[in-house]
Each structure stands twice: as C-alpha cells, then as structure tokens.
Peer 1: 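Could you have a look at this structure, given as structure tokens, before my questions?
Here the structure is a predicted model, which is why all the values come from computation and not from measurement. Below, chains carry the letters A, B, ... as their sequence lines are ordered, and counting in each starts from 1.
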Amino acid sequence: MINITLPDNSVKSYESGVTALKIAADISEGLARNVLAAKVNGDIWDATRPINQDAKVQLLTWNDEEGKAAMWHSSAHLMAEAIELLYPGTKFGIGPDIENGFYYDVDFGSHDISDKDFGKIEQKMQELARSKQEFSRKEVSKQEAETYFTNKGDEYKLELINELEDGQITFYESGYFTDLCRGPHIPNTGVIKAIKLLKIAGAYWRGDEKRKQLTRIYGITFPKKKELDEYLLLLEEAKKRDHRVLGKELELFTFSQNVGQGLPLWLPKGAQLREKLEQYLKRVQKDAGYESVITPHIGNVNLYKTSGHFQKYGEESFRPITTPVEGEEFFLKPMNCPHHCEIFNFKPHSYKELPIRYAEFGTVYRYEQSGELHGLTRVRGFTQDDAHIFCTPDQIKSEFNGVIDIIQQIFKALDFKDVLIQISLRDPNNPTKYIGSDENWEKAESAIIEVAEERGLNAKIEYGEAAFYGPKMDFMVKDAIGRKWQLGTIQVDYNLPERFDLTYIGADNEKHRPVMIHRAPFGSMERFVAVLIEHCAGNFPLWLTPDQVIILPISEKYQEYAEKVLSLLKKHEIRSLIDDRSEKTGRKIRDAEMKKIPFMLIVGEKEENDLTVSVRKHGGEDIGTLSIDGFADHINNEIKASLQEK
RNA sequence: GCCAGUAUAGCUCAGUUGGCCAGAGCAGCUGAUUUGUAAUCAGCUGGUCGGGGGUUCGAAUCCCUCUACUGGCUCCA
C-alpha cells in the first residue's frame, strides 16, 4: 500500500500501481472524466501512469495550465496521426504545445500543402478524436527506438534519439501513430471536442537557417465547441486593435512603396502624438541629469570600422554612400553610439564629471530582412530615444537604478501593466566569446541582479543571451495578439570604450576606461507607438491624444460661437477642432466617437446665451454643462491628475 | 532571406466553371436640409482589377515573373 497526499493535505492509501485517473474516479465520476494529467511529486505525469510509491498528487484539468498543455501536446500527436494517414510517407520533426495551442513540424516530402488542406486534416482529427484513442506510454531502449525510426525512415526523429540517453527514452502510442515523446498525455482523445488549425508556415529544422525548412502547422483544440468560438472571436477582436489598422483609421502613419519598404511616414496626427511623447521623455531626462546632443544621420565608414559594426553588419546594411572624392564612403547611421563616443572624446574628462549622460532622439537605418518588416514594430528607419551613459564600473548599479526609474515612470504613465523583464547574462559554458574582463562582467552582472532584487522586479534571467559586449536588461510588452516586443532596454558595453579608446582621469591622476551604458526607455518611437496603440486600442491618454476636444455646433448659426470656444481652449493649450459640417448632431457625435476623441462639446442656443458648453465624454458619459473656463480647468485637472497619480 | 497566402475606387469588400462598357457601401464633391447626444436626403466624381510578360477569339478570373502586404521561421548592432 502507498500513501497519496492530495493538495488539501488529505492522505489516502492505495495499492501500489494506482493511477491519478483512479484517484479522480474515487472523488467523483465527473472529475475522472475531466482529468487530463497529474502532478506527481512535482512532475507532470499521464493520469494513466501507475504510481508505485508514496506521492503528492495534484489532478490537472482544463483549468490548469499544465492540463491545457497536456491536451494541446496530445492534440499535436492527433494532428500528426491524421497527417500520417492522409499523407503517407510524411516525416515528423517536433510537435510541442505552446502558449495558445500547439504545432507540429513536418516534412511532407512530395506533397504540396497549404491552408486549403486544413479542412481535410481537421476532419480526420475529429474522426480520430471521436474514437477515444488512448495514449499508451512505453519505455524503450535507444536501440529499439533507433530501429523503429530507421524502419520508418524518419531521419528527424533519429537525430533527436541520437542526442538522448539510453534508459530515458519513451514512446507514446495512440491509434495508428507512435511518437518519440517524453509526454505526458491525456488519457484519451475523447476530450478533444473542438479543433481548429490556424496557420501554416515554414520553420527551419532545429531553428537552423542552414538546415531544411519543414512545414509547421499551428492549431488549437478545446474541450467544448463554445470555447473555440469564444477564442476565435477574441482573435477577431484583437485584430481590431492592430496598430496597422488603427494607424490607418486614426490617420497616424502610412507607408508608401515609392518611399520604400519599412520606411514609415508619420501623418500630422501621428507626428503630434510622437512629439508629445518626445517632450514628455525629454523633460523626465532633463530632471534625471541627461544632456541633449545632436549628431548627423550619416558617418564616415571609418567610424564604423572603429566601432566594429562595419565588419559585423556592413554586408547586410544599406550600401555605403559615395562622394565625388575617390574612395570616400559614408554610412547611414545604424546606431548613435559611435557618434556619442566621438562626442565623449571631444575633450579629456575627469572622474569628477562622471557619469556623463548624452541623450539624443537619433534616427537610424538598418536594412532588416524583408520578411522581418512588420508595421511600425519592425522597420528600416526608426528613431531611438537613445542615450549613452559614461561612468565608472562602480556607478553601474546606481545608473541602472536611475534608468529603471525612468522606464517604470513611462510605463506607469501609459498604463503598461504586463511588462516582462529579462536580464541577459553570459553563457557560462562559453566564456571566451565575450569582450571585457571577468572582473568587470562579474561586477556588472551582479549589479544588475542586485538592482532587480532590491526593486522587487519580477525579472527572468537568461544565460547566454547577453551581447558579446556586455549584459543587459530588456523590458518587453505584448501586442494585441500576444506577440512580445522589446521596448525599453539597458545595456552595459565594455567594447566601444575600448575601441574608441575612451578614458577619464581618475583621482590617482591615471587614465581609466569608463563603462558605457546604452539605454532607450521607449526603445524606438515607432515600436513604442505601435505597442501603445494596440495597448489602448487607439484610446490614448488625454495628455497624449492628438485631438482632445471636438466642438459640435448644433447648426451653422452657432459656428461663430464654436470658433470663440475654440480660440479660448487654444489659450488653455487644449487641442481642439470644430465639426462644421452641415450634419445632424447625432451624426457628428457618431463620427467623433469613431475618431476616439475624448471630449465632445455640443454648442447651441442655450450654450451661446450662457457662454457654456455641453460636455459629452467619449463612450457616452454626460458631464453636463460647464462654463468654457470651467471645462478648460476640468480637462487640465484631469491631465494633471492622471500624470501625477502615476 | 526562407515557407505559405493575399493584392479589384481613398477605405471595407462583391465579381459564379475565362464571355457584352468592372459593382456595392462608406469616404469625397455638388445641391437640398439648419439639425440637441452614435449614420438626413438626392445627384455626381472616382478603378490600366499591384507592375510586366504569356496562354486564349476573348483574362480581374489561367500560367510565369517582379513588387508590396499578411502569418510564421531565421535575424534583430
């Protein structure tokens, strides 16, 4: 007999070999039907796997992340089985569960597959699911595993097996399909009720560009049809927040084939918004001890040879600009740092001056691969809210703190709540690929980690993700459909100070090497605005929105009064406009609502006589009638409050 | 760059298996209307069907190619 401890700490005694499924059945029949997997002493197991010793057991259902994962992973197998039946000879790569659903990488061989084939595959999956195929786990020797897939002729699985240790290999069999798999899986496919294949894409085998590209099919499944419908509706809704859609609707930015791929054109309203953001950050930075610098958009190719960027990126950049002078070449600047290094080198520096902080909204150009371009989030010409801090190694920690203050202030002001923070450190297994002394790296890495701990940041540490020149901390925010985009970044750099021979004179009257910190709280104006649009669905904070107020005269008779209101609001620095079309008020309100203008001021006879405005907020809230100055105070107080409480 | 898909008016989209001068709604323009909290009415303008090449008596529709866009992969100083 063994003791099973359940999450409520109750202990039950069972025969050795009991399964989570059996335990569930003892609690209730319904639970047994819904149990997808189980956590056994912290590991996720099949609900059907025998438990042979005392264990803590937690039953996992669709309501648990791990339960969903087991279901989706099992769905990947189900899809593979359907594909194998429909397209004999297909070879399989890997098929994991992901955040929303699953995928499987497959090599269809001579079959041509597109999304037009989804219906057929879904149908087959449906059919197989209904037959309630059970997943059976089997431990196999490396030899057996190799024999199986050699016979099957699947070189991908053989490659995976080759990297596994004998004694650790398991197969899962369901219906006609046997896969190399660690598991766990759901008891049977019967719980998979709703199936949707979502997208098809090429994916390099093992993520290696030089290897064969397999066909990746993404899908998602649910235990109820209704949940699938809800999920698809959610996706539809998310698409309405897409910054490319809203950017067009709200006239913020556009692209032109004539100008070029990935080169955004900011329309007046977008430019207005961007300027507000820039002004906001400039003020914050001034308070934080930054100095503005301005540098040109191009630089002599030798500058980038010094920085090392030419050697690393020259080939895949915009081609150099030539001049009438033989052999003279310039590069469009792909980053601002080399220019700022030259500014630092303008004169000798004392340790007493450090840290020096040079800030510039610097526009840079990078020839990104065409397939990488994406709205405003990935472009070829963009403006970084860049700054470079030159400091001593001992100042890294306090400078990091200062930059994080700025980033958090910004994210708060714009109401970004789900910010993922990543700390990228050296790969401990590959210490030679980094520049800079161990001592300095050690100092910087521990400073970053300490800062994160002291501030209680929920930061994820990634080893091996550091740049060759230094560790970094990145701030990421998700877009409407859950893609992560890096916005703020703070990077330590030991490389450029070396290459540009940057020095300062220390208290010992000797030359010392400063450390350089690159940082950009927004990341780039383009990407930040894109994510901001998706985040607020185009309903920008009042202080930021291009048009704050629209004045709606009831009829032409009140046009003059409307203009008077406009000019008074202008004096209060409130951005307003008048809808002077010969339309009914209802129509003007509707259009203003769709333009997402925060305040609508309806003016007619009453208002003109009393020198007031009737205020309607975006969304329909009626503020009532206010004097013009009263309204101006109202709006300015609202702005002040929203920026202060942050 | 790679895989798959898409491209019709400023926007959103129709356009059957190739067949007369390519359609709608919205936007725009003109006129009427003078309007009180989410669409007033009428008329009009607007497209070399992404570019180029081909097949055909005939191409928006089929084929090739280029370009751009979408979803992924890879990349991201």
Side-chain angles (χ1 to χ4, degrees), chain A residues 103 105 108 112-118 198-218 239 242 244-245 248-249 251 254-258 260-262 304 307-314 316-317 333-338 364 366-375 377-380 382 384 467-469 472 474 481 483 485-486 489 491 493 495-496 518 523-524 527 552-559 581-595 600-607 614-623 625:
Chain A
Y103 68 77
D105 284 347
F108 278 101
D112 278 331
I113 297 295
S114 79
D115 54 8
K116 293 188 182 68
D117 301 294
F118 283 1
L198 296 166
K199 48 202 179 196
I200 184 164
Y204 299 106
W205 172 233
R206 314 219 80 179
D208 186 343
E209 209 180 350
K210 293 182 188 70
R211 305 197 63 180
K212 187 166 166 130
Q213 196 165 50
L214 306 183
T215 304
R216 175 172 298 179
I217 299 181
Y218 289 86
K239 275 186 195 155
D242 189 317
R244 293 163 299 188
V245 173
K248 197 180 271 178
E249 276 174 21
E251 299 187 3
T254 189
F255 289 90
S256 155
Q257 274 192 46
N258 297 326
Q261 229 185 339
Y304 304 104
S307 73
H309 292 112
F310 177 81
Q311 295 82 325
K312 199 159 159 56
Y313 295 102
E316 45 208 83
S317 295
K333 75 173 169 188
M335 78 283 300
N336 306 297
C337 3
V364 297
R366 298 178 183 178
Y367 193 80
E368 306 289 6
Q369 295 185 75
S370 62
E372 265 310 321
L373 300 173
H374 180 97
T377 50
R378 193 78 185 270
V379 286
R380 285 180 172 166
F382 56 98
Q384 296 177 313
F468 73 93
Y469 52 77
K472 59 180 177 173
D474 292 323
I481 63 168
R483 286 177 292 219
W485 295 98
Q486 181 206 301
T489 181
Q491 311 185 356
D493 188 344
N495 180 42
L496 290 183
H518 310 249
S524 83
R527 182 177 289 176
L552 313 178
I554 294 292
S555 83
E556 273 168 25
K557 282 183 248 166
Y558 311 106
Q559 175 68 19
R581 294 173 303 165
S582 154
E583 292 286 353
K584 293 185 172 177
T585 309
R587 175 54 183 270
K588 293 185 181 182
I589 286 170
R590 180 188 149 80
D591 289 349
E593 285 287 347
M594 297 210 300
K595 287 185 192 156
M600 284 155 250
L601 303 185
I602 291 117
V603 296
E605 190 179 0
K606 260 190 320 199
E607 289 78 9
S614 285
V615 187
R616 178 194 158 111
K617 263 189 131 165
H618 172 70
E621 191 192 337
D622 186 1
I623 305 281
T625 304

Peer 1: Over all strands shown, is Lys248(A) touching base, sugar-phosphate only, or nothing at heavy-atom distances under 4.0 angstrom?
Peer 2: sugar-phosphate
Peer 1: With sugar-phosphate meaning primed atoms plus P, OP1 and OP2, does Arg380(A) contact a base, only sugar-phosphate, or nothing at under 4.0 Å between heavy atoms?
Peer 2: nothing
Peer 1: Report yes or no: is there a donor-acceptor pair, N or O only, under 3.5 Å between the side chain of Glu251(A) and the base of rG10(B)?
Peer 2: no
Peer 1: Using side-chain hydrogen bond (donor to acceptor under 3.5 Å, both in side chains) as the criterion, point out the one residue from Gln261(A), Arg378(A), His374(A) that pairs with Glu368(A).
Peer 2: Arg378(A)
Peer 1: Just checking Thr585(A): base, sugar-phosphate only, or nothing, at a heavy-atom cut-off of under 4.0 Å?
Peer 2: sugar-phosphate
Peer 1: Could you check whether Ser582(A) gets within reach of a base, just the sugar-phosphate, or nothing at all, counting any heavy atom under 4.0 Å?
Peer 2: base
Peer 1: If you pin His374(A) and Met594(A) to their nearest nucleotides in RNA chain B, which one's is more 5'?
Peer 2: Met594(A)
Peer 1: Counting just side-chain N and O atoms, does Gln261(A) come under 4.0 Å of either OP1 or OP2 of rC69(B)?
Peer 2: yes
Peer 1: Between the base of rA39(B) and the side chain of Arg590(A), is one N or O donor paired with an acceptor at under 3.5 angstrom?
Peer 2: yes
Peer 1: Please classify the nucleic acid contact of Phe255(A) as base, sugar-phosphate, or nothing, using heavy-atom distances under 4.0 Å.
Peer 2: nothing
Peer 1: Dot-bracket, 5' to 3', for RNA chain B please: Watson-Crick or G-U pairs under 3.5 Å, [ ] where pairs cross earlier ones, | where the partner sits on another strand, dots elsewhere.
Peer 2: (((((((..((((.....[...)))).(((((.......))))).....(((((..]....))))))))))))....
Peer 1: Measuring only between side-chain heavy atoms, which start at C-beta, is Ser317(A) closer than 4.5 Å to Lys312(A)?
Peer 2: no
Peer 1: When you get a sec, tell me which of rG5(B), rA39(B), rG36(B) is the closest nucleotide to the side chain of Ile554(A)?
Peer 2: rG36(B)
Peer 1: Could you check whether Arg587(A) pairs with Asp591(A) (Lys NZ or Arg NE/NH1/NH2 to Asp/Glu carboxylate O, under 4.0 Å)?
Peer 2: yes
Peer 1: Regarding Ser614(A), tell me which of base, sugar-phosphate or nothing describes its non-hydrogen contacts under 4.0 Å with the strands shown.
Peer 2: base
Peer 1: If we only count heavy atoms from C-beta on, is the Lys239(A) to Val245(A) side-chain gap below 4.5 Å?
Peer 2: no
Peer 1: Using the side-chain heavy atoms of Ala203(A), tell me which of these nucleotides is nearest: rC73(B), rG5(B), rA77(B).
Peer 2: rC73(B)
Peer 1: So what does Glu583(A) hit on the nucleic acid, given a heavy-atom distance under 4.0 Å: a base, only sugar-phosphate, or nothing?
Peer 2: base
Peer 1: Taking atom types as they are modelled, would you say the side chain of Gln213(A) forms a donor-acceptor pair with the base of rC2(B) within the 3.5 Å cutoff?
Peer 2: yes
Peer 1: At less than 3.5 Å, do the side-chain atoms of Arg378(A) and the base atoms of rC76(B) form a donor-acceptor pair?
Peer 2: yes
Peer 1: What is the nucleic acid contact for Lys199(A), judged by heavy atoms within less than 4.0 Å: base, sugar-phosphate only, or nothing?
Peer 2: sugar-phosphate
Peer 1: So does Arg216(A) reach the base of rA4(B) with its side chain, donor to acceptor, closer than 3.5 Å?
Peer 2: no
Peer 1: May I ask you to say what Gly207(A) touches in the nucleic acid, namely base, sugar-phosphate or nothing, with a heavy-atom cut-off under 4.0 Å?
Peer 2: sugar-phosphate
Peer 1: Quick one: which of rU34(B), rA77(B), rG71(B) gets closest to the side chain of Ser317(A)?
Peer 2: rA77(B)
Peer 1: What are the two closest heavy atoms between Gly262(A) and Val379(A), and how far apart are they?
Peer 2: O-CB, 3.3 Å
Peer 1: Pick base, sugar-phosphate or nothing for His518(A), based on heavy-atom distances below 4.0 Å to the nucleic acid.
Peer 2: nothing
Peer 1: Counting heavy atoms from C-beta on, name the nucleotide in rC76(B), rA4(B), rU40(B) closest to the side chain of Lys584(A).
Peer 2: rU40(B)
Peer 1: Without swapping roles, check the side chain of Gln213(A) against the backbone of Trp205(A) for a donor-acceptor pair under 3.5 Å.
Peer 2: no
Peer 1: Give a yes or no on whether Glu316(A) atom CD has more than 12 heavy-atom contacts from other residues, nucleotides or ligands under 6.0 Å away.
Peer 2: yes
Peer 1: Using a heavy-atom cut-off of 4.0 Å across all strands, would you classify Glu605(A) as base, sugar-phosphate, or nothing?
Peer 2: base
Peer 1: Given rG5(B), rG36(B), rA27(B), identify the nucleotide with an atom nearest to the side chain of Arg587(A).
Peer 2: rA27(B)
Peer 1: Among rU35(B), rU37(B), rU6(B), which is the nearest nucleotide to the side chain of Ile602(A)?
Peer 2: rU37(B)
Peer 1: Name the nucleic acid region contacted by Gly371(A), choosing base, sugar-phosphate or nothing; use a 4.0 angstrom heavy-atom cut-off, strictly under.
Peer 2: base
Peer 1: Pick the C1' atom in rG15(B) and in rU33(B), then give their distance to the nearest Å.
Peer 2: 36 Å
Peer 1: Taking atom types as they are modelled, would you say the side chain of Tyr204(A) forms a donor-acceptor pair with the base of rG1(B) within the 3.5 Å cutoff?
Peer 2: yes
Peer 1: Within the 4.5 Å heavy-atom criterion, are Tyr304(A) and Lys333(A) side-chain neighbours or not?
Peer 2: yes
Peer 1: Should Asp208(A) and Arg206(A) count as an ion pair when the cut-off is N to O under 4.0 Å?
Peer 2: no
Peer 1: Taking any heavy-atom pair under 4.0 Å as a contact, classify Gln257(A): base, sugar-phosphate, or nothing.
Peer 2: sugar-phosphate
Peer 1: Choose from rG72(B), rU34(B), rG36(B) the nucleotide whose nearest atom is closest to any side-chain atom of Lys606(A).
Peer 2: rG36(B)
Peer 1: Any base atoms under 4.0 Å from Tyr103(A), or only sugar-phosphate, or nothing? Heavy atoms, all strands.
Peer 2: nothing
